[in-house]
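What follows is a set of notes on a single structure, which appears directly below.
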Amino acid sequence: MQRFILLVMLSGIFSALTTTAQNARIKIDVDRKIGEINKNLYGNFVEHLGRCVYGGIYDPDSPLSDDKGIRLDVLDAVKGLNIPLTRYPGGNFVSNYHWKDGIGPKDQRPTRMELAWARLETNQFGTDEFIEYARRIGTDPYFAVNLGTGTIEEAQQWVEYCNVKEGPYYAELRKKYGHPAPYNIKYWSLGNEMDGFWQMGHLNAEDYSKKAHEAAKLMRLTDPSIKLVAAGASNFRPDNDPHEWNATVLSELKDVVDYIALHMYVGNHQDNYYNFVSSPLVLEERTKVVKGMILREMEKADRGDRDPIYIAWDEYNIWYRWRAEETMTGDRALEERYNLEDALVIAGFLNAFIRNADIVKMANMAQLVNVIAPIFAEKDGMFKQTIYYPLQLFANNMFGTSLDVFVDCETYDTDEFYLGLAEQATQQNNVPYLDVSAAYNGGEVVVCVINRHKDNTIETDIISQEGLFDGEFEVYEINGPDIKAENDFDKTNVQTVQKESVKVKKTGNFSYTFPPHSFTMLKGKIVK
């Protein structure tokens with residue numbers, strides 16, 4: 001009888017262990033730190049392209065605009081993103097843009113042929129207007145200078161106009177135009193996508209590095225406090241070697257720049273969900289390759305007391321639907337409409353930035369309004385696209401220290417697939433269904449979890465390796481009726497929903513079930 005009871009007890013213990021073992025696991029250790037999360041990971045981008053500026057943030061003809069032409073409904077939506085840093089004015093546009101066209105009395109500004117995106121540029125919105133807009137939304141400006149058709153002297157003069165208090169010609173010109181205080185623009189990009197054959201004024205890596213080096217010299221002599229961003233690789237076509245470009249630029253500019261900019265656009269033109277939602281892992285692979293290049297160059301660099309070079313993913317997004325010739329130019333260009341699977345990919349990019357917070361210190365979603373954007377506007381209204389919501393959650397919650405999280409869950413392998421048009425192919429093996437990042441800030445932990453599985457919930461044990469979970473964990477979820485669900489002017493199928501909190505009391509673990517095709521943020525306390 002005793003033997004029978006013992007067998008029953010052992011059977012019950014084994015059964016319980018088996019049940020627990022079936023759960024996925026997320027282990028959090030607040031002592032396993034990756035790096036400090038820079039607020040500039042949640043940046044955005046405004047380019048003179050399509051209806052991003054004209055008909056987007058600025059529309060004097062709209063009844064929804066104020067007396068300065070600023071769309072107030074769009075402004076409110078932009079403020080909700082808590083954008084720390086906004087890149088301006090391009091993009092491809094900047095490689096034939098001359099900033100002096102966009103200052104001074106509006107009735108004296110010239111209208112130019114805009115060659116990058118085949119439209120007319122009226123220059124009614126320029127440097128001073130953007131600075132005012134940036135102040136209204138609480139963002140820091142990040143300017144890109146023209147190193148295509150522009151000169152190094154022109155770049156220097158723009159810094160003078162923006163950052164010098166008084167004395168020289170362009171500082172006094174700013175004062176003459178009604179702006180007595182300098183703008184103190186901290187971040188400046190040395191051109192845009194200069195590795196691309198499509199770029200006006202395209203250069204090879206050696207020639208770009210020479211021009212960037214000399215522009216940097218003049219710009220820093222004007223204002224030694226500025227931070228400079230080199231144009232890294234954007235051409236990832238199968239017949240190109242982007243690593244060669246990055247290696248050359250880093251070697252030549254290792255003593256000069258503060259960041260190297262990388263760009264990436266992905267798409268689901270093959271309509272394969274599982275391939276598509278794995279694509280942020282390729283961004284992470286590229287991050288690690290460039291990190292290795294930076295570490296190598298920093299061994300030889302002479303940077304004084306300045307920080308090492310960091311990575312700026314200053315263009316990233318999903319862009320494939322509006323990429324045919326007829327949808328890439330003119331007044332209505334790149335007006336992508338987004339669905340739930342796109343929102344999950346954006347959450348994947350943001351998770352990747354957090355997991356690499358030691359080296360990635362800047363990121364800018366391209367772009368802000370209408371043009372491959374989280375906000376879509378017409379004359380009489382606007383709505384928030386699906387990709388708005390993950391960016392909003394991260395920008396308002398993910399701060400502090402990035403944690404190296406252990407994840408144990410089922411995985412899958414992808415087919416070989418193209419990341420997007422004009423992109424290299426990849427095949428991803430052992431893709432975890434749960435994609436996770438975590439931040440720890442003054443006793444509070446925030447865990448971001450994507451359940452990539454299209455059909456299944458995933459019950460997960462969340463385990464603290466150091467300290468105990470305590471109190472209520474807030475739960476925010478982004479999901480929709482299916483992976484193709486979109487938002488529109490009259491419907492919001494995908495948005496952030498606050499779910500019932502998880503109540504825990506000084507425990508080392510709790511369980512949560514993540515719904516299929518979802519993004520979930522859990523936010524609570526760890527006590528020691």
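Considering every non-hydrogen atom in both L368 and I83, the closest pair reads CD1-CD1, 3.6 Å. The two residues V74 and A377 come nearest to each other via the heavy atoms CG2-CB, 3.9 Å. Of all non-hydrogen atoms in F349 and N317, the two that sit nearest each other are CE1-O, 4.2 Å. Annotation for V256 and A216: closest pair CG1-CB, 3.3 Å, computed over non-hydrogen atoms. Annotation for N146 and G150: closest pair OD1-N, 3.0 Å, computed over non-hydrogen atoms.
In this structure, I318 and F276 have side chains that are in contact, with non-hydrogen atoms separated by less than 4.5 Å. Residues K379 and D59 form a side-chain contact, since some pair of their non-hydrogen atoms from C-beta on lies under 4.5 Å apart. You'll find the side chain of M362 reaches within 4.5 Å of the side chain of L85, heavy atoms only. Looking only at side-chain heavy atoms (C-beta outward), Y177 and P105 come within less than 4.5 Å of each other. Counting heavy atoms from C-beta on, the side chains of L41 and I354 come closer than 4.5 Å. Between S65 and R71, the closest side-chain pair of non-hydrogen atoms falls below 4.5 Å.
For the pair E153 and K211, the salt-bridge criterion is not met [side-chain N within less than 4.0 Å of a carboxylate O]. Ion pairing between D223 and K186 fails under the 4.0 Å rule for side-chain N and carboxylate O. Comment: E378 engages R51 in a salt bridge, judged by a side-chain N to carboxylate O separation of less than 4.0 angstrom. R112 has no carboxylate O lying under 4.0 Å from a charged side-chain N of E114, or vice versa, which leaves the two without a salt bridge. With respect to K361 and E36, no salt bridge is recorded, no charged nitrogen being found less than 4.0 Å from a carboxylate O. One finds no salt bridge joining R337 and D342 here, because no Lys/Arg side-chain nitrogen approaches an Asp/Glu carboxylate oxygen to under 4.0 Å.
Between the CD1 atom in I37 and the CZ atom in F394 there is a gap of 9.0 Å [rounded to 0.5 Å]. For the atom pair CH2 (W188) and SG (C162), the distance works out to 4.0 Å, reported to the nearest 0.5 Å. Here the OH-CD1 distance, from Y259 to I294, works out to 11.5 Å after rounding to the nearest 0.5 Å.
For F197 and H202, the ring centers sit 6.0 Å or farther from each other. Proximity of the aromatic rings of F236 and H263 is defined here by a centroid distance below 6.0 angstrom, and this criterion is not met. Two rings, from Y388 and F383, have their centers 6.0 Å or more apart.
Between the side chain of S189 and the main chain of A144, no donor-acceptor pair closer than 3.5 Å is present. Panel note: side chain D482, backbone K484; a donor-acceptor pair is recorded below 3.5 Å. With hydrogens and angles disregarded, a donor-acceptor distance shorter than 3.5 Å links the side chain of N451 to the backbone of F514.
The closest side-chain donor-acceptor pair between N493 and E486, if any, does not fall under 3.5 angstrom. Under the 3.5 Å distance criterion, with hydrogens and angles disregarded, a donor-acceptor pair is assigned to the side chains of N92 and N192. For the residue pair E315 and Y265, a side-chain donor N or O sits within less than 3.5 Å of a side-chain acceptor on the partner.
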Would you sort out whether Q392 and N82 count as a side-chain hydrogen bond (donor to acceptor under 3.5 Å, both in side chains), showing the intermediate values?
-> CA-CA 7 Å; Q392 182 186 41; N82 194 28; over 6 Å; no
Begin from the C-alpha positions of T222 and Q157 and carry the test side chain to side chain contact (heavy atoms under 4.5 Å, CB included) through to its verdict.
-> CA-CA 9 Å; T222 305; Q157 291 166 348; over 6 Å; no
Starting from the C-alpha separation in whole Å, work towards a yes-or-no answer on side-chain hydrogen bond (donor to acceptor under 3.5 Å, both in side chains) for D195 and N235.
-> CA-CA 7 Å; D195 65 321; N235 184 357; 5.3 Å; no
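A side-chain contact (heavy atoms from CB on, under 4.5 Å) with Q156 is found for one member of L218, T151, L221 and no other, namely L218. Considering Y161, W99, Y183 as possible partners of Y170, the one that fulfils the ring-ring contact (aromatic ring centres under 6.0 Å, His included) test is W99. Among M328, E47, R321, Q367, the one residue that satisfies the side-chain contact (heavy atoms from CB on, under 4.5 Å) test with L334 is M328. The one candidate from V229, L228, L253 that meets the side-chain contact (heavy atoms from CB on, under 4.5 Å) condition with D258 is L228.
No more than 12 heavy atoms of other residues, nucleotides or ligands sit less than 6.0 Å from atom NZ of K33. No more than 12 heavy-atom neighbours from other residues, nucleotides or ligands sit within 6.0 angstrom of CG on D331. Heavy atoms from other residues, nucleotides or ligands lying under 6.0 Å from CD of Q498 number more than 12.
No cation-pi contact links R87 to F143, judged by a cut-off of 6.0 Å to the six-membered ring centre and 45° from its axis. Geometrically, R323 engages W319 in a cation-pi contact defined by less than 6.0 Å to the ring centre and at most 45° from the axis.
Using a 30° and 60° split on the angle between ring planes, Y58 and Y54 fall in the perpendicular class, above 60°.
The side chain to side chain donor-acceptor pair (under 3.5 Å) contacts involving residues 134-144 comprise D66-R136, T86-T139, Y142-D314, where partners must be two or more places apart or lie in separate chains.
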